[in-house]
Amino acid sequence: MAQALGEDLVQPCELQDDSSSLGSDSELSGPGPYRQADRYGFIGGSSAEPGPGHPPADLIRQREMKWVEMTSHWEKTMSRRYKKVKMQCRKGIPSALRARCWPLLCGAHVCQKNSPGTYQELAEAPGDPQWMETIGRDLHRQFPLHEMQQGLLQVLKAYTLYRPEQGYCQAQGPVAAVLLMHLPPEEAFWCLVQICEVYLPGYYGPHMEAVQLDAEVFMALLRRLLPRVHKHLQQVGVGPLLYLPEWFLCLFARSLPFPTVLRVWDAFLSEGVKVLFRVGLTLVRLALGTAEQRLACPGLLETLGALRTIPPAQLQEEAFMSQVHSVALSEHDLQRQIRAQLAQLPESASGPPPRPQARLPGAQAIFEAQQLAGARGGTRPEVPRIVVQPPEEPRPPRRKPQTRGKTFHGLLTRSRGPPIEGPSRSHRGSTSFLDTRF
């Protein structure tokens, strides 16, 4: 089965069973009899104990020590050893350290440091009644069986006050909810700001122009990497906007088992938006990668159903992320495809044009941008003062002194040679002269 699933995109990977990958609200039928939260904070969840596919305790402790060492000297680590950070993110950040690592990866700790007290002011300020009503209606949809519900309203309200021109987007709810499962409200808020403005600018605004561009880029990548799947989607009329926005806008928070979601986020915060494209391509291949799967989906509804009901056994974190990281899509390939799609956009398109250049490709680019901004802020030159002085009065030309007919008296001193004999001891080594010039 693995060979059939991997024939179009990447080399096959052995699927592993990991019953620990449970926990999203769509997977829970209801609260447990004692309303006990599992290891991810879901009330009544079945992930209270690690499953058989979970890494052994010794390996987890070893990874924790590596992350403690890297985060203790974060600037040095990012400057000299980012490849190690990327590889550790691909292996998965230990659950005990995500609260420490996620703000460092996305640069939220710098934003919080540069804006002390901002979140407290936003949280205490009254929100826009229009947005408050909309957020209140959506709250019950964001992981209703999780214990972080109380802080979600404050974080979303704070963002509408922080960026009133963008307001609130329903897809921000799942993103903020996942952040609050691991972080205090203030740190979760700044991580949300970084995701909305640095990782995915143009996703959560009123026009969502970047989502439309990325949908076209995704179809172009499907055409190149999965041509038979692309042809099938074209034939049944399934465009990318029918399934991709839910994946990308929510960062797969409502589409994958929760442990797999966390692994996707670890890689996304490290490597940027290309991880979302890799995950999307992997999901499409798993759903429609074989001829039998495509034959079983003769129409639009069947195809959409296949994309939304991939068997959970194929989405277990280790095997799934191994396939994601083996997708043949580099940052250079992605940027080239984005430029090609930008050139094809009609000039009469409504709304502002997408600005993919505002999107930074991961933690290393964010770190370098913040370091550069910090250096400029620390050595900012003073504004020069222009002082106008009146011109100096012209001085008379210097004349050569008149020496004609004048007599000069002096003492000629010999610095070398034998002393000159004379009557006085004090004038030894020197002789007087008389010079008259005519």
Side-chain angles (χ1 to χ4, degrees), residues 9-10 13 21 78 82-93 98 101-108 171 174-175 178-179 182 191-192 194-204 210-211 213-215 217-218 220-222 224-226 240 243-286 310 314-338 356 358-367:
L9 185 59
V10 294
C13 297
S21 296
M78 290 297 294
Y82 171 69
K83 289 185 178 180
K84 181 177 180 181
V85 174
K86 182 175 72 173
M87 295 309 299
Q88 292 298 320
C89 287
R90 288 190 173 190
K91 294 177 181 179
I93 301 175
R98 281 195 174 99
C101 298
W102 280 2
L104 292 174
L105 287 169
C106 70
V175 176
V178 174
L179 292 171
H182 298 83
C191 287
L192 179 65
Q194 288 295 91
I195 290 173
C196 295
E197 300 182 3
V198 179
Y199 285 86
L200 301 173
Y203 261 54
Y204 304 99
V211 179
L213 173 64
D214 284 350
V217 172
F218 188 80
L221 293 173
L222 274 178
R224 180 170 68 89
L225 298 174
L226 295 168
Y243 58 91
L244 200 69
E246 181 182 2
W247 289 354
F248 280 26
L249 282 166
C250 300
L251 303 181
F252 299 95
R254 306 192 67 86
S255 307
L256 294 172
F258 195 70
T260 309
V261 170
L262 299 181
R263 292 288 299 275
V264 169
W265 280 47
D266 293 343
F268 166 72
L269 294 177
S270 171
E271 302 179 52
V273 74
K274 70 180 178 184
V275 173
L276 303 186
F277 283 92
R278 289 175 175 175
V279 174
L281 291 168
T282 303
L283 288 176
V284 172
R285 181 183 59 80
L286 290 174
I310 300 174
Q314 300 181 25
L315 302 177
Q316 305 309 306
E317 48 188 309
E318 291 296 337
F320 181 79
M321 293 307 297
S322 176
Q323 297 178 62
V324 167
H325 295 313
S326 61
V327 173
L329 176 63
S330 65
E331 185 66 32
H332 176 74
D333 296 335
L334 179 60
Q335 295 303 322
R336 180 178 57 186
Q337 200 60 247
I338 290 175
R359 183 162 60 192
L360 296 182
Q364 186 177 30
I366 294 173
F367 173 78

Would a 4.5 Å heavy-atom cut-off, applied to side chains only, mark [X] and [Y] as touching?
X	Y	value
E271	E331	no
L334	R278	no
V178	F258	yes
L329	Q337	no
P361	K274	no
V284	W247	yes
L283	L256	yes

Between [X] (side chain only) and [Y] (backbone N and O only), is there a donor and an acceptor less than 3.5 Å apart?
X	Y	value
S322	E318	no
T260	L315	yes
R98	I93	yes
Y203	A210	no
R263	R90	yes

Rounded at 0.5 Å granularity, tell me how far [atom1] in [X] sits from [atom2] in [Y].
X	Y	atom1	atom2	value
F277	I338	CZ	CD1	6.0 Å
C89	H325	SG	NE2	9.0 Å
L249	L200	CG	CG	8.0 Å
H182	C191	NE2	SG	11.5 Å
Q364	I366	CD	CD1	11.0 Å
L269	Y199	CG	OH	4.5 Å

Take V279 and F320 through the test side chain to side chain contact (heavy atoms under 4.5 Å, CB included) and record every step on the way to the result. CA-CA 9 Å; V279 174; F320 181 79; 3.9 Å; yes
W265: partners by side-chain hydrogen bond (donor to acceptor under 3.5 Å, both in side chains), with sequence neighbours left out: none
Minimal non-hydrogen separation, [X] against [Y], with atom names:
X	Y	answer
Y204	C196	CD1-SG, 3.6 Å
R254	P174	CD-CG, 3.8 Å
R224	A328	NH2-O, 4.2 Å
P240	A215	CG-O, 3.6 Å
L276	F248	O-CE1, 3.3 Å

Under the side chain to side chain contact (heavy atoms under 4.5 Å, CB included) criterion, do V85 and L105 qualify, and how do the steps go? CA-CA 9 Å; V85 174; L105 287 169; 3.9 Å; yes
Among side-chain atoms of R285 and Q323, is any donor-acceptor pair under 3.5 angstrom? yes
ring-ring contact (aromatic ring centres under 6.0 Å, His included) involving F218 - partner list, sequence neighbours excluded: none
N-O pairing of D266 and K91 below 4.0 Å: no
